Amino acid sequence: MPRADFYLIDKPRFREDPLLLVCELAKRAFGAQQPTLILTRDFEQAEAIDEYLWAFDEDAFIPHQLAGDDDDANTAVLIVPPGVEAADRPMVINLRDVCAPGHFDRVLEVVAADPAEREGSRARWTEYKKAGFEVNKHDM
């Protein structure tokens, strides 16, 4: 059964810097050898995550790149802005306002502390449940 995990940002360090949580989740996925897609809201967010993954942890190296290159299939973490095609992967970190498209084993929904974001996450939660996903919530 596919699984959707909602990470609700609550802790001050993630409230101040939500992309830190995205990087931590990507690091965990890489450590578990799970090829991962990060679906971003826009190209600017994709570039910010690309830069952040190089610098957020001095002791970690997470092979990553923006999707759309010949090396996509060989890169552990692909950052995918809207309008860019990428093959499905077992793990998806979704930052978009809609449910992650495609086929995957697990989706991680990162939800900011903003009330509007929380409302949108409730709709995605319902959609995932209707699609047969096991759904979980984690306060971060």
Side-chain angles (χ1 to χ4, degrees):
M1 171 185 291
R3 189 170 141 184
D5 290 286
F6 284 74
Y7 289 85
L8 306 178
I9 293 175
D10 193 39
K11 295 179 182 172
R13 72 183 193 132
F14 295 134
R15 275 183 185 260
E16 295 168 11
D17 194 357
L19 294 185
L20 178 59
L21 178 57
V22 174
C23 291
E24 291 287 344
L25 293 172
K27 179 181 171 182
R28 281 192 216 164
F30 176 65
Q33 299 179 342
Q34 287 290 315
T36 302
L37 297 177
I38 300 175
L39 304 179
T40 64
R41 292 177 187 265
D42 53 40
F43 190 75
E44 292 76 23
Q45 187 180 52
E47 287 182 318
I49 291 169
D50 181 41
E51 290 297 318
Y52 210 156
L53 281 170
W54 288 113
F56 89 103
D57 184 340
E58 292 177 4
D59 298 325
F61 171 69
I62 302 163
H64 69 280
Q65 68 182 31
L66 295 174
D69 193 298
D70 291 339
D71 292 335
D72 283 1
N74 301 320
T75 304
V77 176
L78 281 181
I79 305 164
V80 187
V84 176
E85 295 294 320
D88 290 342
R89 298 226 169 158
M91 177 84 71
V92 175
I93 299 172
N94 188 32
L95 305 176
R96 297 183 184 169
D97 293 331
V98 296
C99 289
H103 300 283
F104 41 84
D105 298 328
R106 190 167 174 208
V107 60
L108 310 179
E109 290 274 342
V110 176
V111 183
D114 178 80
E117 291 257 348
R118 296 285 168 105
E119 190 59 38
S121 73
R122 288 181 187 95
R124 291 191 305 279
W125 177 290
T126 301
E127 286 184 50
Y128 286 121
K129 281 200 71 91
K130 284 182 184 176
F133 282 70
E134 174 189 334
V135 184
N136 301 289
K137 177 181 83 89
H138 309 277
D139 292 318
M140 298 302 289

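These numbers come from a predicted model, not from an experiment. Values below: all heavy atoms of this structure, side chains included; hydrogens, waters and symmetry mates excluded.
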Report summary line: Heavy atoms of Val98 and Asn94 approach each other most closely as O-ND2, 2.8 Å
Query raised in the report: Within a strict 4.5 Å, meaning less than it, do heavy atoms of the Glu109 and Trp125 side chains meet?
Result: no
Query raised in the report: Val111, Val107: one ILVMFWY side-chain cluster at the under-4.5 Å cut-off?
Result: yes
Query raised in the report: Taking atom NZ of Lys27 and atom CG of Leu53, what is their separation to the nearest 0.5 Å?
Result: 11.0 Å
**Report entry** Closest non-hydrogen atom pair, Pro35 against Pro90
**Finding:** O-CD, 3.5 Å
Report task. Using a 4.5 Å cut-off on heavy atoms from C-beta on, say whether the side chain of Tyr128 contacts that of Phe6. Result -> yes
Requested in this report: Of all the heavy-atom pairs spanning Ala86 and Ala67, show the shortest one and how long it is.
Outcome: CB-CB, 4.3 Å
**Report entry** Separation of Met91 CE from Arg106 CZ (nearest 0.5 Å)
**Finding:** 5.0 Å
Query raised in the report: Out of curiosity, Asp88 CG to Asp105 CG, how far, rounded to the nearest 0.5 Å?
Result: 10.5 Å
Report summary line: With Leu66 as partner, the option from Thr75, Ile38, Ile79 fulfilling side-chain contact (heavy atoms from CB on, under 4.5 Å) is Ile79
Query raised in the report: What is the minimum heavy-atom distance between Thr40 and Ala46, and which atoms define it?
Result: OG1-CB, 3.5 Å
**Report entry** Which atom of Met1 lies closest to which atom of Gly132, heavy atoms considered
**Finding:** CG-O, 3.4 Å
Query - For Asp57 against Asp59, the heavy-atom pair lying closest together - result: OD1-N, 2.9 Å
Requested in this report: Spell out, yes or no, whether Leu25 and Phe14 are grouped together once hydrophobic residues are joined by side-chain heavy atoms under 4.5 Å, including indirect joins.
Outcome: yes
Requested in this report: Answer with yes or no whether the hydrophobic clustering places Leu95 together with Val92; edges join I, L, V, M, F, W, Y residues whose side-chain heavy atoms lie under 4.5 Å apart.
Outcome: no
Query raised in the report: Is the side chain of Arg118 donor-acceptor paired with the backbone N or O of Ala112 at a distance under 3.5 Å, no angle test?
Result: yes
Query raised in the report: Are side-chain heavy atoms of Thr36 and Phe30 found at a separation under 4.5 Å?
Result: no
Query raised in the report: Quick one: does Arg89's side chain have a donor or acceptor within less than 3.5 Å of a partner on Ala76's backbone?
Result: yes
Query raised in the report: Has Glu85 got more than 12 heavy atoms of other residues, nucleotides or ligands less than 6.0 Å from its CD?
Result: no
Query raised in the report: Going through the checks in order, is the side-chain contact (heavy atoms from CB on, under 4.5 Å) test met by Ile62 and Phe56?
Result: CA-CA 10 Å; Ile62 302 163; Phe56 89 103; 3.7 Å; yes
Query raised in the report: Linking I/L/V/M/F/W/Y whenever any side-chain heavy atoms sit under 4.5 Å apart, do Leu19 and Leu108 land together?
Result: yes
Query raised in the report: Side chain of Asp72, backbone of Gly68: donor and acceptor closer than 3.5 Å?
Result: yes
Query raised in the report: Any side-chain heavy atom of Leu39 sitting closer than 4.5 Å to one from Pro101?
Result: yes
Report task. Salt-bridge test for Arg124 and Glu127: reply yes if a basic N is under 4.0 Å from a carboxylate O, no otherwise. Result -> no
Query raised in the report: Are any of the side-chain nitrogens in Arg41 or Glu117 under 4.0 Å away from the carboxylate oxygens of its partner?
Result: yes
Query - From Glu119 atom CD to Asp97 atom CG, the distance as rounded to the nearest 0.5 Å - result: 12.5 Å
Report task. With rounding to the nearest 0.5 Å, note down the distance linking CD1 in Ile49 to CH2 in Trp54. Result -> 15.0 Å
Query raised in the report: If Ile, Leu, Val, Met, Phe, Trp and Tyr residues are connected whenever their side-chain heavy atoms lie under 4.5 Å apart, and connections chain through other members, are Val77 and Tyr7 in the same group?
Result: yes
Query raised in the report: Out of curiosity, Ser121 OG to Asp114 CG, how far, rounded to the nearest 0.5 Å?
Result: 10.5 Å
Requested in this report: Determine, step by step, whether Asp10 and Met140 satisfy the side-chain contact (heavy atoms from CB on, under 4.5 Å) criterion, reporting the C-alpha distance in whole Å, the side-chain angles of both residues, the deciding distance to 0.1 Å, and the verdict.
Outcome: CA-CA 5 Å; Asp10 193 39; Met140 298 302 289; over 6 Å; no
Requested in this report: Would you check if Asp17 and Tyr52 make a side-chain contact, meaning some heavy-atom pair closer than 4.5 Å?
Outcome: yes
